[in-house]
Structures are given as structure tokens and as C-alpha cells.
Amino acid sequence: MTRHHPASPWLFLAPGLLIVLAFGLYPFLSTVTHSFTDARTLTEGQFVGAANYRELIHDAMFWTGLRNSVLYVLGVVPLLVVLPLLLALLVQRQIPGIAFFRAAFYTPVVASVVVVSLIWVWLLDDRGLINALLEGLGFGTAGFLSDPWLLLLSAMAVTVWKGLGYYMIIYLAALANVPGELHEACAVDGAGAVRRFLTVTVPALRSTMVLVAALSSVSAFKVFSEVYLMAGPTGGPGGEDTTLVMLVQQAGTGLSGRVGYASALSVVVFVITLGLMLLVLRANRREEA
């Protein structure tokens, strides 16, 4: 009974390894391989070298999608790092009824992104509630879903609103590990709430803030559903709100989808996403040093 077969550990790991190989490693390697071919949906294609990547560099829509994806990261990530932390500070107090507010703030997280986006489309429509309120106040209507920049900002607002509760929970778990003695010592020294927040809370949550920044950066750069549902399959007026992931979907779907070109776009998205994560981690290491 005390002797084990050498293959026993691999038998326990086999189900997980098979899932990773079938749905993780194999699709990734297949995408990289297809990026060097002219494959289409119904044809395997021939090897074309770096032709897809050269075409990608000269594609104006690629640069539009890259611009929108980068702007999405710059607009969403700082808000998702700061606002959930402030929200967590508000709901961490053990007072009667606080559980209701925690559940209310977390509700958008469990709601379907399709449902959330459609609700916001109805609110931001030219005849929606928000424009009706603006018109009633004498400001006139705003083209939230027709102006390219307002449409992109509206999609960012939906992403932030939906992600607040998720990152709030992460911060709540981290705040529970901040020693209360540090706050008490600062209070004895005469430090106010803001000073305690800056000198105790923020340093203690630095690693958590880096984690939130990394997760939200990857999620924001790969945004698809919010922009797709609010801007439409074409990416808004003239495709001005198209993101990189939307370009992958546009190029690679349909009976005549350009699988090779879509694979090249996917590889570029992967490389940039990996670079974002490495930059965040490197910045954190510099601060710790």
C-alpha cells in the first residue's frame, strides 16, 4: 500500500493536461501556424510567409483598431484601479444593511454583458432616458451612439460600471489583511483619514493594485462585446470604433473568412497583451526596489 506506481501522478494530472492541450496549447499553436498561410474558412491554404503581417501593417483599419484598443486601456484601467478601491473602503465597514449594498454593487458583475450593453443602449439612444433628461434640462440631445468618440466613451463607461463590483471584491479581500494596528498608530500620531489612506492603505495594497491593473489591462485591450453591441458589427460610423478583437471577428468569420489574416491579427493581440502585463509587472518591481 505504501508503494506507488511511477505513472500515478500523471494519471491524476491527465484530465487537466488534456483540457489544457486541447483547448489551450493546440489552438494557440494552430493560430500561429495559420498566421503564415492564406487559409480561409473552407480551405487549408498555402504557406505565404509574413505576407499577412505585411498586409496588416498597411491596413488602415488595423491602425484604427489599435488606436481604439489603446485608448480603451488608457481610459478604463485607471478608473478600475481607483474607483473599486474607494468603493471597497465604503462597504468594508460592518454596519447594518451593508450586505445589501455589497450585493447591489456586485450585481452588474453576474449580469450578462449582452443584457447590460442592451440596457445601456436603450438608455443612451437618441430617444432614451438620458437624452430625454438632457433635453428636459435644456442641454439638447447628445449622439452617444452616433458620434464616434461619444460611442467609444459610452462603451468605456459600460465596462467600468460592470467591472466595479468584481474588483471591489478583490480589494475587500486585501483590505481584510491590512493590520488595524497601523491605522491606530497613525491616528494616535494625529493623521487624518486621507493621510492614513495614503500612508497605510495604499502601500499595503500595492500588489493588489498591480494585480487589478494587469487584469483590467488585458480585459480592456481585448474588449469586444460592449463595443460590438453598442456600435454594431461595422464598428460604428465608418468603422471608427472598431477594436482589434472586432477586426479578428470580421476577418475570420463567414464562409469566405480569411482565417490566415485573422490569425495574424490574433497573434498581434497576444503579443501586445503580453507586453502590457510585462510592463505592469516591471513597473511594480521598480517601485518595490
Side-chain angles (χ1 to χ4, degrees), residues 60-61 63-91 97-98 100-169 171 212-213 215-217 219-247 249-250:
M61 287 304 299
W63 294 107
T64 299
L66 179 62
R67 179 201 65 189
N68 291 332
S69 296
V70 172
L71 289 176
Y72 217 91
V73 173
L74 296 177
V76 167
V77 173
L79 295 176
L80 286 179
V81 172
V82 176
L83 294 182
L85 174 56
L86 300 178
L87 201 60
L89 291 172
L90 289 176
V91 301
I98 197 63
F100 168 78
F101 291 98
R102 290 180 179 177
F105 292 142
Y106 192 76
T107 298
V109 179
V110 298
S112 168
V113 65
V114 176
V115 174
V116 169
S117 298
L118 289 178
I119 290 174
W120 278 91
V121 166
W122 295 334
L123 290 174
L124 298 173
D125 189 73
D126 291 341
R127 297 182 180 180
L129 177 61
I130 295 179
N131 271 319
L133 292 175
L134 292 175
E135 193 171 10
L137 295 173
F139 295 105
T141 59
F144 293 109
L145 302 180
S146 56
D147 182 85
W149 292 110
L150 286 179
L151 180 56
L152 192 63
L153 291 174
S154 299
M156 291 180 186
V158 174
T159 300
V160 172
W161 181 75
K162 194 175 187 310
L164 282 175
Y166 177 77
Y167 297 113
M168 178 196 72
I169 295 298
Y171 278 126
V212 171
L215 293 176
S216 57
S217 296
S219 178
F221 193 80
K222 297 192 301 180
V223 65
F224 173 79
S225 299
E226 293 91 326
V227 180
Y228 182 85
L229 291 169
M230 298 182 73
T234 59
E240 286 297 315
D241 293 297
T242 302
T243 63
L244 285 181
V245 178
M246 289 181 67
L247 284 178
Q249 184 268 341
Q250 292 171 7

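The analysis underlying the following values was restricted to heavy atoms, covering all of them including side chains, and did not include hydrogens, waters or symmetry mates.
- By the side chain to side chain donor-acceptor pair (under 3.5 Å) test, Gln250 pairs with no residue at all, sequence neighbours left out.
- Put simply, the side chain of Ser117 never gets that close to the backbone of Val114: no donor and acceptor are under 3.5 Å apart.
- At most 12 heavy atoms of other shown residues, nucleotides or ligands fall within 6.0 angstrom of atom CZ in Phe101.
- The closest side-chain heavy-atom distance from Val245 to Val223 is not below 4.5 Å.
- For the pair Leu134/Thr141, no side-chain contact is recorded, criterion being any heavy-atom separation below 4.5 Å from C-beta on.
- The shortest non-hydrogen separation linking Ala111 to Val116 is CB-CG2, 3.8 Å.
- Closest non-hydrogen pair, Trp120 versus Val158, comes out as CG-CG2, 3.6 Å.
- Taking OH of Tyr72 as the reference point, atom CD of Glu226 lies at 4.5 Å (rounded to 0.5 Å).
- Atom OG1 of Thr64 sits about 10.0 Å away from atom CG of Leu244, to the nearest 0.5 Å.
- Between the CG atom in Leu90 and the CG atom in Leu86 there is a gap of 7.0 Å [rounded to 0.5 Å].
- In this structure, CG in Leu229 is found 7.5 Å from CZ in Phe224, a value given to the nearest 0.5 Å.
- Rounded to the nearest 0.5 angstrom, Ile119 CD1 and Leu124 CG are separated by 11.5 Å.
- Side-chain contact check for Tyr166 versus Val110: every heavy-atom pair is 4.5 Å or farther apart.
- Between Arg67 and Glu240, the shortest heavy-atom contact is NH2-O, 3.0 Å.
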Less than 3.5 Å apart, which donor and acceptor atoms pair up between the side chains of residues 142-157 and the rest of the protein, not counting sequence neighbours?
residue, atom, partner, partner atom, Å
Asp147, OD2, Trp149, N, 3.1
Asp147, OD2, Leu150, N, 3.0
Ser154, OG, Leu150, O, 2.7

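- Using modelled atom types, one side-chain atom of Asn68 and one backbone atom of Thr242 make a donor-acceptor pair closer than 3.5 Å.
- Rounding to the nearest 0.5 angstrom, the gap separating the CH2 atom in Trp161 from the CZ atom in Phe105 is 12.0 Å.
- Counting only heavy atoms from C-beta outward, the side chains of Phe139 and Asn131 never approach each other to under 4.5 Å.
- A salt bridge is absent between Glu135 and Arg127: the closest approach of a Lys/Arg side-chain nitrogen to an acidic carboxylate oxygen does not fall below 4.0 angstrom.
- Using modelled atom types, one side-chain atom of Tyr171 and one backbone atom of Val81 make a donor-acceptor pair closer than 3.5 Å.
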